[in-house]
Amino acid sequence: MQVHQLERLLKKLKLGGMLATLQQRFEQAQGQQLGYLEFLVLLLEDEIARRDQKTLALRVAKARFEEVKTLTDFDFRASPKIPAALIRDLATLRFLQRQESVLICGPVGVGKSHIAQALGYLACQQGYRVRYVKTPRLLADLGGGRADGTYDTRLRSYLGPDLLILDDFGLQAFTATQSEDLDQLICERYLRRCTIVVSNRPPQEWYTLFADPVLAEGALDRLVNASHHVLMDGPSYRPRKRPGSTTTLTADPTGEVMPSA
């Protein structure tokens, strides 16, 4: 059988991973005198790799990240106050296995959203369902659901993911309705799903943002006291990304990144 005949069969079976590398693998098999089984294994590995990439791309699309970020891209050496060891421990995703939550707090520009989305991307790679959303957008979405009768459907879309990332939490005080929505969301995800909360405010300031102190105590007692706390501090990360900046990021031999002039 000729290669072009095999291509026709692979197209019919929708085995695109094999199809893309067929000629390369055929030449490799001839050059290295591979056996039939070895040749087949190579083609099957190519197909599995293609399907894994397609599945990951779908998970990432459903996550709706603002940007796809990785920990390798983050400059841990920018500030000694960045809890690098804790972040790397969270990168093992054991907190997801134990259904624990994470609070990432600190001033503007230190890389909180980067870390949160990088953890989310790692979770996508491991097959978890992830959703990233800015808290004001979530509250507006749920508010729209109350108005048009789709509240339960919209709420379920935030209850379902294995990992929900709430960015920009607590930028301003919550209305009575928003306080109720957050209370329901936090309480229903508690011990069932994981949540990463990103905020410019420390957790002790969140209680006063709720319209009802009872709701605040009920929701935040579950969230704050049963989560990993990542307190980030240091200079803003953003000036190093400014166009024309003389600071660039380069990888060191360990795979970390470091600034270089």
Side-chain angles (χ1 to χ4, degrees), residues 52-53 55-79 81-135 137-138 157-170 185-186 189-203 206 222-234 236-238 241 249 251 254-258:
D52 286 346
Q53 283 298 114
T55 301
L56 175 59
L58 182 60
R59 288 197 202 101
V60 170
K62 288 183 176 180
R64 303 183 187 181
F65 295 120
E66 189 173 49
E67 296 179 87
V68 175
K69 297 291 190 179
T70 68
L71 291 182
T72 304
D73 297 330
F74 189 78
D75 183 7
F76 281 101
R77 302 189 184 190
S79 171
K81 296 181 180 180
I82 299 295
L86 174 56
I87 292 170
R88 290 193 178 96
D89 183 65
L90 292 172
T92 65
L93 301 184
R94 286 192 293 266
F95 76 95
L96 267 170
Q97 298 166 11
R98 296 192 291 254
Q99 296 177 332
E100 299 163 345
S101 293
V102 179
L103 312 182
I104 305 177
C105 304
V108 172
V110 293
K112 302 183 301 297
S113 295
H114 185 136
I115 295 299
Q117 291 179 95
L119 292 174
Y121 183 71
L122 283 172
C124 287
Q125 289 180 311
Q126 294 299 316
Y128 291 99
R129 295 170 298 161
V130 180
R131 178 70 188 277
Y132 170 90
V133 63
K134 291 184 179 294
T135 306
R137 176 70 184 87
L138 174 143
S157 72
Y158 298 110
L159 295 176
D162 302 304
L163 175 61
L164 175 66
I165 302 174
L166 292 178
D167 205 347
D168 286 347
F169 185 88
L185 178 70
I186 292 169
R189 288 187 62 85
Y190 178 63
L191 297 181
R192 297 184 181 91
R193 298 285 191 272
C194 301
T195 305
I196 293 179
V197 179
V198 182
S199 179
N200 295 338
R201 301 174 185 263
W206 297 353
R222 290 175 171 84
L223 183 62
V224 174
N225 296 319
S227 300
H228 299 272
H229 290 221
V230 182
L231 304 179
M232 299 180 63
D233 199 358
S236 176
Y237 192 77
R238 294 190 179 114
K241 300 170 64 179
L249 300 180
T254 67
E256 297 179 4
V257 292
M258 55 187 294

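Keep in mind the model is a prediction, meaning the values are calculated, not measured.
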What distance separates R59 CZ from Q126 CD, expressed to the nearest 0.5 Å?
9.0 Å

To the nearest 0.5 Å, how far apart are CG in L56 and SG in C124?
6.5 Å

Heavy-atom check, side chain of S101 versus side chain of V197, under 4.5 Å:
no

Checking T135 side chain against D167 main chain: does a donor-acceptor pair fall under 3.5 Å?
yes

If you measure from CD1 on I82 to CZ on F74, what distance do you get to the nearest 0.5 Å?
4.5 Å

Could you measure the distance from the CG atom of L166 to the CD1 atom of I186? Nearest 0.5 Å is fine.
7.5 Å

Considering residues at least two apart in sequence or located in another chain, which fulfil the side-chain hydrogen bond (donor to acceptor under 3.5 Å, both in side chains) criterion with H229?
none

Any side-chain heavy-atom pair of M232 and P83 under 4.5 Å
yes

Considering residues at least two apart in sequence or located in another chain, which fulfil the side-chain hydrogen bond (donor to acceptor under 3.5 Å, both in side chains) criterion with D89?
R94

Side-chain (K69) to main-chain (L119) donor-acceptor, under 3.5 angstrom:
no

Are D233 and S79 packed together at the side-chain level, in the sense that at least one heavy-atom pair is separated by less than 4.5 angstrom?
no

Of the options T195, V130, V133, which is the one that meets I165 in a side-chain contact (heavy atoms from CB on, under 4.5 Å)?
V130

Heavy-atom side-chain contact between L185 and L138 under 4.5 Å
yes

Only counting residues at least two apart or in another chain, list the ones meeting ring pair (Phe, Tyr, Trp, His ring centres under 6.0 Å) with F169.
F174, W206

Dump the intermediate steps for side chain to side chain contact (heavy atoms under 4.5 Å, CB included) on Q117 and E66, then the final yes or no.
CA-CA 8 Å; Q117 291 179 95; E66 189 173 49; 3.5 Å; yes

Can you tell me how far the CZ atom of R193 sits from the CZ atom of R131, to the nearest 0.5 Å?
15.0 Å

Measuring from H114:NE2 to L71:CG, what's the distance to the nearest 0.5 Å?
6.5 Å

I want to check something: taking the side chain as every heavy atom from C-beta on, are L191 and Q99 in contact at a cut-off of under 4.5 Å?
no

N/O donor-acceptor pair under 3.5 Å between R189 side chain and C194 backbone:
yes

How far apart are the closest heavy atoms of R64 and Y132, and which atoms are they?
O-CD2, 3.5 Å

Which heavy-atom pair separates Y121 from F65 by the least distance, and what is that distance?
N-CZ, 3.6 Å

Looking at side-chain heavy atoms only, is the closest gap between Q97 and Y128 below 4.5 Å?
yes

Main-chain N/O of G106 paired to K112 side chain as donor or acceptor, under 3.5 Å:
yes

Under the 3.5 angstrom rule, does the side chain of R222 hit a backbone N or O of Y190 as a donor-acceptor pair?
no

On a heavy-atom basis, which atom in A116 and which in I196 lie closest, and how many Å separate them?
CB-CG2, 4.0 Å

Does the side chain of L90 come within less than 4.5 Å of I115's, by heavy atoms?
no

